[in-house]
Amino acid sequence: MYQSALPVPRSHHIAEISRELVGREVSLVGWVYRKRVHGGLVFIILRDGSSATIQCTIHRDRVPPEDFKQAEKTLIEAAVWVQGVVAEDPRAPGGLEVRTTRFRELVPAEPWPLTEDAAKSVGFLYDKRHLWLRSLRVQTVLRARAEFCKAAREFFEARGFVEIHAPILITTACEGGATLFPVEYFDREAYLTQSAQLYEEAAIAAFEKVYTIGPSFRAEKSRTRKHLTEFWQIEAEVAYATMEDIMRLQEDLLSHLCNHIAQRFGDVLGERADKIRVKPPFPKITYDEAVEIAQRKGYDVSWGEDFGAEAERAIAEEFEVPFFIYDYPLVARSFYCAWREDRPEIALSCDLWAPEGFGEIATGGERIADPEVLRRRIIELGLPLEQYEWYIEIRRYGLPRHAGFGIGVERTLRWMFKLDHVRMVALFPRTPTRVEP
RNA sequence: GCCGCGGUAGCUCAGGGGCUAGAGCGUCGGGCUGUUAACCCGAAGGUCGCCGGUUCGAAUCCGGCCCGCGGCGCCA
């Protein structure tokens, strides 16, 4: 016979408790978020999977003796069951509380290591990330990440894109070879993917429009607030598209994501919700104009180089909404990048930057569609031609001009919520100094 | 990879050649029927990151190493 893992009745989730339930009896299951004992009165702030909390009051003379004893002894993060009557009370946080009639500790907890003092230690919090993610603050960001990806799917599905899942184990480098994580693959060496792009390019000859949401890995020892060694991208690739088309697609996508998050997280975002309610078109400046801004603000950028951290911040501080930088020098871009016919030193490539000093969140552009041009480019850059034969071969069978982009999930959410570090957006962030827990 | 800061109780930190290494929070025991990170009294809790050196004596000084944090570089 089937037996539930929940040995007690549950009538509501905490998020469902409202003034309409005042006077009604409810039974709740959750975790002890805070506990305060006042002799014959115990206050327990309960939270559950609905990411809401409610205060439960347990009076010694209103519950069975054993129930009171359990309430008095239970520790933070123990799983408990509470039955009681919803009451309005100005003394309760949020104005509502549950006047408890029955209490049971379902699963005990040891003393909770994440004390208020522990919050001062970033290293300790990430050491205990498996516990820290129970905090409401972390939950909010992770929930936003889930909504972010859901909204992206809605966006692409409504436009007829096909979702693909590109391989994680690869042998063909997409960016610089030095940044690949090697993996023992039987008697060969393989790598963890840096991007789904090359595989998306193969798939557009089947579906015309594809997208993917998945992980990317970069073996760079970058100690910054915008780098993870394992991060997620939303990538899309479109047949018959130009750089301009792909810029429009990015504007539409990011606007959709921003408005979705602003609507769902208006309460935590406060005034910032309006700030991120952006709409197309976004400002567009050339690389040369970006260099001018940097130089005007006192940062030295020589043509053909990427912007340093300070210059990037300075440029991004000039804007209030996301913006594009296009007409990048070809030397600063990857091997697959197409270029302007009238100015071969200029790539058909653009970056999408978040404003307010945040900087780059997405890169996109048109790819080389001609097999011979691509071959020459690979040779010119000294890349291992044999590994790219399949990638070139796609182009020998009717591959039209096409373009695509990849937008960083963590970086974009970092900007939306104005977070200190991209690692706050990852369930278990991976950085050069951290692969655990 | 470079520069800087740090590692002392479960957590945050103080101490900076010499009695038994301290405080707050948390935990445990006691008290308290309206708290909001409750409060009051008491107690337990330590490989002072690791290795070596100097010294009568090292948590403390010196050298090396490891780890973490912040920034830069690299990079999407």
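In what follows, chains carry the letters A, B, and so on, assigned in the order in which the sequence lines appear, proteins first and then strands, with residues in each chain numbered from 1.
Counting any heavy atom pair closer than 4.0 Å across all strands shown, A:Glu305 reaches no nucleic acid atom. Within 4.0 Å of A:Lys120, counting heavy atoms only, lie sugar-phosphate atoms of the nucleic acid but no base atom. Residue contacts for A:Ser216: at a heavy-atom cut-off of 4.0 Å it reaches no nucleic acid atom on any strand shown. No engagement by A:Arg62 is indicated, since no non-hydrogen atom pair under 4.0 Å with the nucleic acid exists.
Between the side chain of A:Glu97 and the base of B:G34, a donor-acceptor pair under 3.5 Å is found.
With a 3.5 Å ceiling on both atom-pair distances, B:G26 lacks any Watson-Crick or G-U wobble partner. B:U54 makes up no base pair with any nucleotide shown, lacking Watson-Crick or G-U wobble contacts both under 3.5 Å.
Counting only heavy atoms from C-beta on, A:Val37 has its side chain closest to B:C32 among B:G34, B:C32, B:G1. Here the side chain of A:Phe124 is nearest to one of B:U33, B:G70, B:U12, namely B:U12.
Contact check, A:Thr179 against B:C75: no side-chain N or O comes under 4.0 Å of OP1 or OP2. The shortest distance between the side-chain N/O atoms of A:Arg36 and the OP1/OP2 oxygens of B:A38 is below 4.0 Å. Applying the 4.0 Å criterion to OP1 and OP2 of B:U36, one finds that A:Arg34 has every side-chain N and O outside that range. A close approach under 4.0 Å does not occur between any side-chain nitrogen or oxygen of A:Arg91 and OP1 or OP2 of B:U33.
Proximity of residues 420-436 of chain A to RNA chain B (heavy atom under 4.0 angstrom from any strand atom) is restricted to A:Arg423, A:Thr433, A:Arg434. Taken residue by residue, residues 291-298 of chain A places no heavy atom nearer than 4.0 Å to RNA chain B.
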Review item, nucleotides 42-45 of chain B N/O atoms under 3.5 Å of protein N/O:
none

Sub-3.5 Å pairs of nitrogen or oxygen atoms, protein against nucleotides 24-30 of chain B:
from, atom 1, to, atom 2, distance (Å)
B:G24, N2, A:Asp117, OD2, 2.5

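Residues forming a side chain to side chain contact (heavy atoms under 4.5 Å, CB included) with A:Val138 (at least two apart in sequence, or on another chain): A:Arg129, A:Trp132, A:Leu133, A:Ser135, A:Leu142. Listed by chain and residue number, nothing satisfies the side chain to side chain contact (heavy atoms under 4.5 Å, CB included) test with A:Lys73 (two or more places apart in sequence, or in another chain).
Between A:Phe282 and A:Phe323, the gap from one ring centroid to the other reaches at least 6.0 Å. Taking the centre of each ring, A:Tyr287 and A:Phe307 come in below the 6.0 Å mark.
A gap of 6 Å separates the C1' atoms of B:A58 and B:G17, to the nearest Å. Comparing the P positions of B:A21 and B:G10 gives a spacing of 16 Å, expressed to the nearest Å.
Where stacking is scored as ring centres under 5.5 Å apart with planes under 30°, A:His38 registers as stacked on the base of B:A38.
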